[in-house]
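All values below were derived from every heavy atom in this structure, side-chain atoms included, with hydrogens, water molecules and symmetry-related copies excluded. Within every chain, numbering begins at 1; the chains are lettered A, B, ... in the order of the sequence lines, protein sequences first and strands thereafter.
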Number of protein chains: 2
Amino acid sequence: MSQRRGSGRPTIADVARAAGVGAITVSRAIRRPEQVSRELRERIDLAIRELNYVPDPQAQVLASGRSNVIGVILPSLTNNVYADVMQGIYDRIEGSGFQIQIANTRYSEDEEDRLLQLFAGQRPAAMLITGIDQSDATRAYLAKADFPVVQIMEHAPDPIDMLIGFSHVEAARVAVRHLMEEGSRRIGFLGARMDPRMLRRREGYRAQLREHGLYDPAREAMTSAPSSVSQGRALSGRLFDAASDTDALFCANDDLALGALFECMARGRRVPEDVAIVGFNDLEMMAAAVPAITSVQTHRYRMGKMAIDMLIDRIEEREVPERGVDLGFQLIVRESSRRG
Amino acid sequence: MSQRRGSGRPTIADVARAAGVGAITVSRAIRRPEQVSRELRERIDLAIRELNYVPDPQAQVLASGRSNVIGVILPSLTNNVYADVMQGIYDRIEGSGFQIQIANTRYSEDEEDRLLQLFAGQRPAAMLITGIDQSDATRAYLAKADFPVVQIMEHAPDPIDMLIGFSHVEAARVAVRHLMEEGSRRIGFLGARMDPRMLRRREGYRAQLREHGLYDPAREAMTSAPSSVSQGRALSGRLFDAASDTDALFCANDDLALGALFECMARGRRVPEDVAIVGFNDLEMMAAAVPAITSVQTHRYRMGKMAIDMLIDRIEEREVPERGVDLGFQLIVRESSRRG
DNA sequence: TTGGCGTCTGGTAGCGCTACCATCACGCTA
DNA sequence: TAGCGTGATGGTAGCGCTACCAGACGCCAA
């Protein structure tokens, strides 16, 4: 009983003593019950409950060399989009025995590199990262890391390891095509933050219009500031001032779309009669707006959940059927763009 | 070189060998450089850089008995309010050497109890919890825990340990008083989720109206469903149907307020002429709406940041001047309630 | 009977770090 | 000169757990 240091909590040795077995057998009874005879297992379980024993995860990690921490690198914590992803992540982690360690790059590639270094020092069990635009150094590092990696939010042909997302270019094309089908020809673009996903949506917008000879750079209003409803008002206001005959807006984010709707209200432009509006992500409020706003639905929650699913499968050495998953998207048409 | 297990990474022993000193001196040079002579310090620093040595946090925790994990228990991850709090938390943690471990109660007290047990098993360095309505068991446990605890989001006289927040009752009273001053007499209430904070806002609403003999239970529309813009539409619609002469709405959340605004638009009720609207939290979109929506500004980011500040001060055994901090709130008056 | 094999169990030696205590050199006082 | 405090350094023994290997036991085939 020379307990010089110690936390005061029961240890595996206490359980072993109480159950009259060796410490290692307790360890096995916890991790691989099938390797321990039924009788001992029951005695050990009883002792565990009586002592209220909880294994010390730090010691487990140190002894086994296996960590139970999944690192998650997201560009933002406040953006609704990533909040939904996080919800999916945490819902899947719940009860899995793994822990999430979140970090936030604020949309900076340098930060991403730095945070990755930091995580690496902690020997994560797996890593989840956002997007497909990592620096060469990061890609190289992750490619030879000995833990599984999943990239989320975008679909692309060459994942570092695993990938789950959808095509922003395609989603934007579908949205713009819809505006064209409803009769718009002078279609504007609103974008903020201009992160890689945003740029791909703009790419889809441009490609779709170019194919029909309708692209006009004067109808693009963009800012590197974060996306917000106020930015939506400011950008759409700027666009209306510069190209007042614009008859539709493809907004690369829902808050921009909502801001555009308000700006139209403030200027007396009718939606959808004078200006049709389409948003992106289909946040809850889109359906409640007046008029309800058309938007591209994306599967953010599922993306977070499935990403963790794939990582855990790989950590536990199960087959992962598909390394690159395309979750797709769906255009939800509402009044803001319906002219039929 | 009998490296039977090992991670392959350099250890403190490697650094010690390279620098020609004892392992413990390396340990000290890292944690308390002032206790090591300048000469050795320089040799050790050099060896660290050459070997690219990073201390293993797991081993540090195990050996020292001190954890660097701060547990954070929030009721929701997707609610904008807590997203802002989290941003503050992570901004303060950045570079501090501490780690955040988030858990999500989904507004359930049972979950809170369970999660707390789980955290306790990991010997956190500190705990941050939301609100002041913990179960007796949780309160008792935390009160005698050997780590600092901070409660956030509300102000109250009897913190478990430390507390930072504001009075929801007072904030609601100020909002309702403002509506009265602008000439409203038949003031309704919209509430969703009905968590403790929401109930206190309702309490403030009721108290303010009762003082003036204006309280009418028929003007309250509530749901236990999560707050959302759609709920704002549904609840305000229900209220207009039941008490159609309602001339103002105090909405206990901004998304409800935005929904109410949309519902007014859909029904042709003018805001603020027919119905004045006040929200709660002052999310960014409130200022961009048309009309702009009056709301109670709360200091969510600061709350998260300061809470971690206080915890770290206490972990590092610095004086914390005030155990209960009232951050207050501010009514931001905009067109949606201005009739003067 | 012997040998071989599989199943269950335990002892020992770490994982990488730090607490605790011992040691030693040095300078100062009596 | 002895004695002693002080500051710098290092050795040892853990922290709580698991990998590795050895041993015990039962069973079956030869």
Legend entry - d(CZ, R17(A); P, dG11(C)) in whole Å: 12 Å

Inset, instruction - Would you mind reporting whether R323(A) and D161(A) have side-chain heavy atoms less than 4.5 Å apart? - result: yes

Inset, instruction - Could you check how far CD1 of I12(A) sits from C1' of dG11(C), rounded to whole Å? - result: 14 Å

Inset, instruction - May I ask you to decide if P33(B)'s main-chain N or O and R41(B)'s side chain share a donor-acceptor pair within less than 3.5 Å? - result: yes

Legend entry - Euclidean distance, atom CD of residue E39(A) to atom C1' of dT7(C) [Å, nearest integer]: 15 Å

Legend entry - R139(B) side-chain N/O to Q134(B) backbone N/O, donor-acceptor pair under 3.5 Å: no

Inset, instruction - Mind running a 4.0 Å heavy-atom check of residues 22-35 of chain A against DNA chain C and sending the residues that fall below it, in number order? - result: G22(A), I24(A), T25(A), R28(A)

Inset, instruction - Quickly work out the R9(B) CZ to dC15(C) P distance and round it to whole Å. - result: 14 Å

Legend entry - Options dG10(C), dT9(D), dG16(C), nucleotide nearest the side-chain atoms of L40(A): dG10(C)

Inset, instruction - Give a yes/no answer on whether the side chain of Q60(B) brings an N or O atom under 4.0 Å of OP1 or OP2 in dT18(C). - result: yes

Inset, instruction - Could you pull out all residues at least two apart from E317(B) that satisfy side chain to side chain donor-acceptor pair (under 3.5 Å)? - result: none

Inset, instruction - Give V61(B) one of three labels, base, sugar-phosphate or nothing, depending on what nucleic acid heavy atoms sit under 4.0 Å from its own. - result: nothing

Legend entry - Rounded (10°) bend between the five-pair end axes of the helix from dT1(C)-dA30(D) to dA30(C)-dT1(D): 60°

Legend entry - Between P of dG14(C) and CG of D56(B), the distance in whole Å: 18 Å

Inset, instruction - Take the protein atom CG of D14(A) and the nucleotide atom C1' of dC17(D), then report the distance between them rounded to whole Å. - result: 13 Å

Inset, instruction - Check the distance between dT9(C)'s P and R41(A)'s CZ and give it to me in whole angstrom. - result: 9 Å

Legend entry - Pair D91(B), Y301(B): side-chain N/O donor-acceptor within cut-off below 3.5 Å: yes

Legend entry - OP1 or OP2 of dT9(C) under 4.0 Å from side-chain N/O of S37(A): yes

Legend entry - Listed partners of N80(B) passing side chain to side chain donor-acceptor pair (under 3.5 Å), at least two apart: none

Inset, instruction - Go through the structure and list residues passing side chain to side chain donor-acceptor pair (under 3.5 Å) with R193(A), not counting sequence neighbours. - result: none

Inset, instruction - Among dG10(C), dG14(D), dC17(D), find the nucleotide with the atom closest to the side chain of A63(B). - result: dG14(D)

Inset, instruction - Could you pull out all residues at least two apart from F98(B) that satisfy ring pair (Phe, Tyr, Trp, His ring centres under 6.0 Å)? - result: none

Inset, instruction - Report the residue from R302(B), R300(B), H299(B) that forms a side chain to side chain donor-acceptor pair (under 3.5 Å) with D84(B). - result: R300(B)

Inset, instruction - Would you mind reading off the distance between Q58(A) atom CD and dG16(C) atom P, rounded to a whole angstrom? - result: 15 Å

